[in-house]
Amino acid sequence: MTTESPLATARAQLRSAVEKLELSESMWNTLSTPRRILEVAVPLRRDSGVVEMYHGYRVQYSTTRGPSKGGVRFHPDIDLDETVALAMLMTWKCALVNLPYGGAKGGVAVDAKSLSSRENERLTRRYTSEILPIIGPERDIPAPDVGTDEKNMAWMMDTYSVNAGFSVPGVVTGKPIVLGGSLGRTSATGDGVAISTREALKDLGIKIEGATVAIQGFGKVGYWAAVAVESMGMKVVAVSDVSGGVKDFGSIEELRAHVATGATLSTYKKGEQITNDQLLHLEVDVLIPAALADAINHQSASQIKAKVVVEGANAPTTPEGDQIMKERGILVIPDILANSGGVIVSYFEWVQDKQNYFWGADEVKENLDSMMMRAFADVRALVRERKVSWRDAAMMIGVSRVAEAHKLRGLYP
Ligand code: NAD
């Protein structure tokens, strides 16, 4: 267990970046305060006729560099603190990869798996309607996150559009292609994680062909990361989901077919079952945490044998876990860099929606690769210049860009 809440961790990371950048106390006050928080009640009529109440949130942490941007999470454990922390991370991430966005996050404290499709649709539409006054293509643009996918984005886009009186595809990203989604968005976060893995291995002088990878989480990020690292020549030796892990399986596609039936990995019979803890401690070149926060903590970090950890999930490492990995010489590619592929292609989707002009798949992939490579080059240069960790360097770049935008805009009135 971690001793820190996600918000305490996010604030500690910000504090450290502010100190390293020698920013003023008033800039710390500006950067450490979320701009707008909306907490909503989301009533849902279950298929049985019973009405239940859920808590929903939308946090617009920053709008200084552009409209706020961030996912919508449906998970029973989310609360306001975690949502603020994730919205804060989105802010530094968008700035790090130089997107003209602030940062946001939202969600509903609900177990999406407990809902029928009709219930999920009603909940999504009611949540959208509750946060409607503060979202929009020029204000705040939601996207999928844990527990939501392109179906939820289609319902959000429709709810917003019906209220506007015309189609507004740019209000969300991660939509189905026919509604103005972008080619390459579904796999984008996983593709970006694979690009990060490739670059980290190059930095360590480890051969990409045949490098071994373990992935915690087999959802939108974990699955596509597995596909992408294998397409680069690496070998995924183990994956896990909430039910546990498996190694020595047939193929990633076989696992995908298994979970597509609604089953979990614990019922996959053709491999060797392992626990999530065992997965974290496998003898591999690369470990990709791609599930939830705090997976790598003071307990799990000391036994990690991977040479590099590429953070597919948001905030998968506690400060204690981070410190232990630093002392043990494990290279950590931080979340705001490693998983930025999703928001980069979300940005491409928003640009395409604004222009009503859609790109080919190759154009999306090439532009994703070059934007991530630019961010990698920026971070690598600062790591070398200031002798700081990759997380510190990534945070310093993101935070300094937001601080500079604040300074240039000045203070109203
Ligand atoms: P998802 O809901 O599609 O998948 C989550 C996966 O994690 C599932 O396989 C689930 O079974 C597994 N999981 C849940 N709890 C677990 C546990 N305790 N141990 C092991 N596995 C567990 O979610 P996703 O979209 O793949 O997001 C995963 C992470 O990546 C989150 O931290 C999310 O914020 C982050 N992220 C997602 C995107 C995106 O585009 N979807 C972009 C950037 C970052």
Side-chain angles (χ1 to χ4, degrees), residues 1 6 69-78 82-83 85-87 89-90 93-94 96-97 103-107 110-113 142-153 172-175 181-182 184-193 196 214-227 238-246 255-256 258-260 262-268 274-280 287-297 300 310-317 334-347 349 368 372:
M1 284 298 291
K69 181 94 190 79
V72 172
R73 187 175 279 203
F74 283 4
H75 192 278
D77 294 343
I78 70 157
E82 184 181 49
T83 311
L86 292 168
L89 276 185
M90 279 304 294
K93 188 188 301 183
C94 290
L96 170 63
V97 292
K105 203 78 180 187
V110 62
D111 179 4
K113 287 205 167 65
D145 193 74
V146 174
T148 58
D149 60 19
E150 62 172 35
K151 281 194 313 297
N152 301 86
M153 295 306 112
V172 289
T173 58
K175 298 177 293 294
S182 176
R185 173 61 184 90
T186 314
S187 62
T189 311
D191 288 338
V193 169
S196 302
I215 304 180
Q216 184 200 43
F218 199 58
K220 294 183 291 298
V221 179
Y223 165 70
W224 286 108
V227 171
V239 299
S240 70
D241 65 12
V242 67
S243 71
V246 57
L255 291 176
R256 171 69 155 187
H258 178 78
V259 297
T264 55
L265 291 175
S266 61
T267 56
Y268 177 82
I274 54 172
T275 64
N276 257 297
D277 261 4
Q278 286 171 321
L279 178 129
L280 293 177
L287 173 64
I288 300 178
L292 293 176
D294 298 347
I296 302 179
N297 51 41
S300 57
V310 181
E311 295 185 336
N314 283 312
T317 305
D335 45 10
I336 59 171
L337 178 59
N339 70 30
S340 61
V343 74
I344 291 174
V345 179
S346 272
Y347 166 65
E349 179 174 333
L368 169 63
M372 287 205 64

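Heads up: numbering here begins at 1 and tracks the sequence. Every number for a ligand or one of its atoms is a count from 1 in the order of the listing.
- Taking CD of E311 as the reference point, atom CG of N339 lies at 8.5 Å (rounded to 0.5 Å).
- Of the candidates L337, D335, N314, K93 forms a side chain to side chain contact (heavy atoms under 4.5 Å, CB included) with just one, namely N314.
- The 4.0 Å heavy-atom shell around ligand 1 contains residues R73, D145, V146, G147, R185, T189, Q216, G217, F218, G219, K220, V221, D241, V242, N276, A290, A291, L292, G312, A313, N314, N339, ordered by chain and number.
- For the pair K151 and D149, the salt-bridge criterion is met [side-chain N within less than 4.0 Å of a carboxylate O].
- The pair E82-R73 meets the salt-bridge criterion, with a side-chain N (NZ, NE, NH1 or NH2) lying under 4.0 Å from an Asp/Glu carboxylate O.
- A side-chain N or O of N276 and one of S240 form a donor-acceptor pair less than 3.5 Å apart.
- No side-chain donor from either of T148 and D145 sits under 3.5 Å from a side-chain acceptor of the other.
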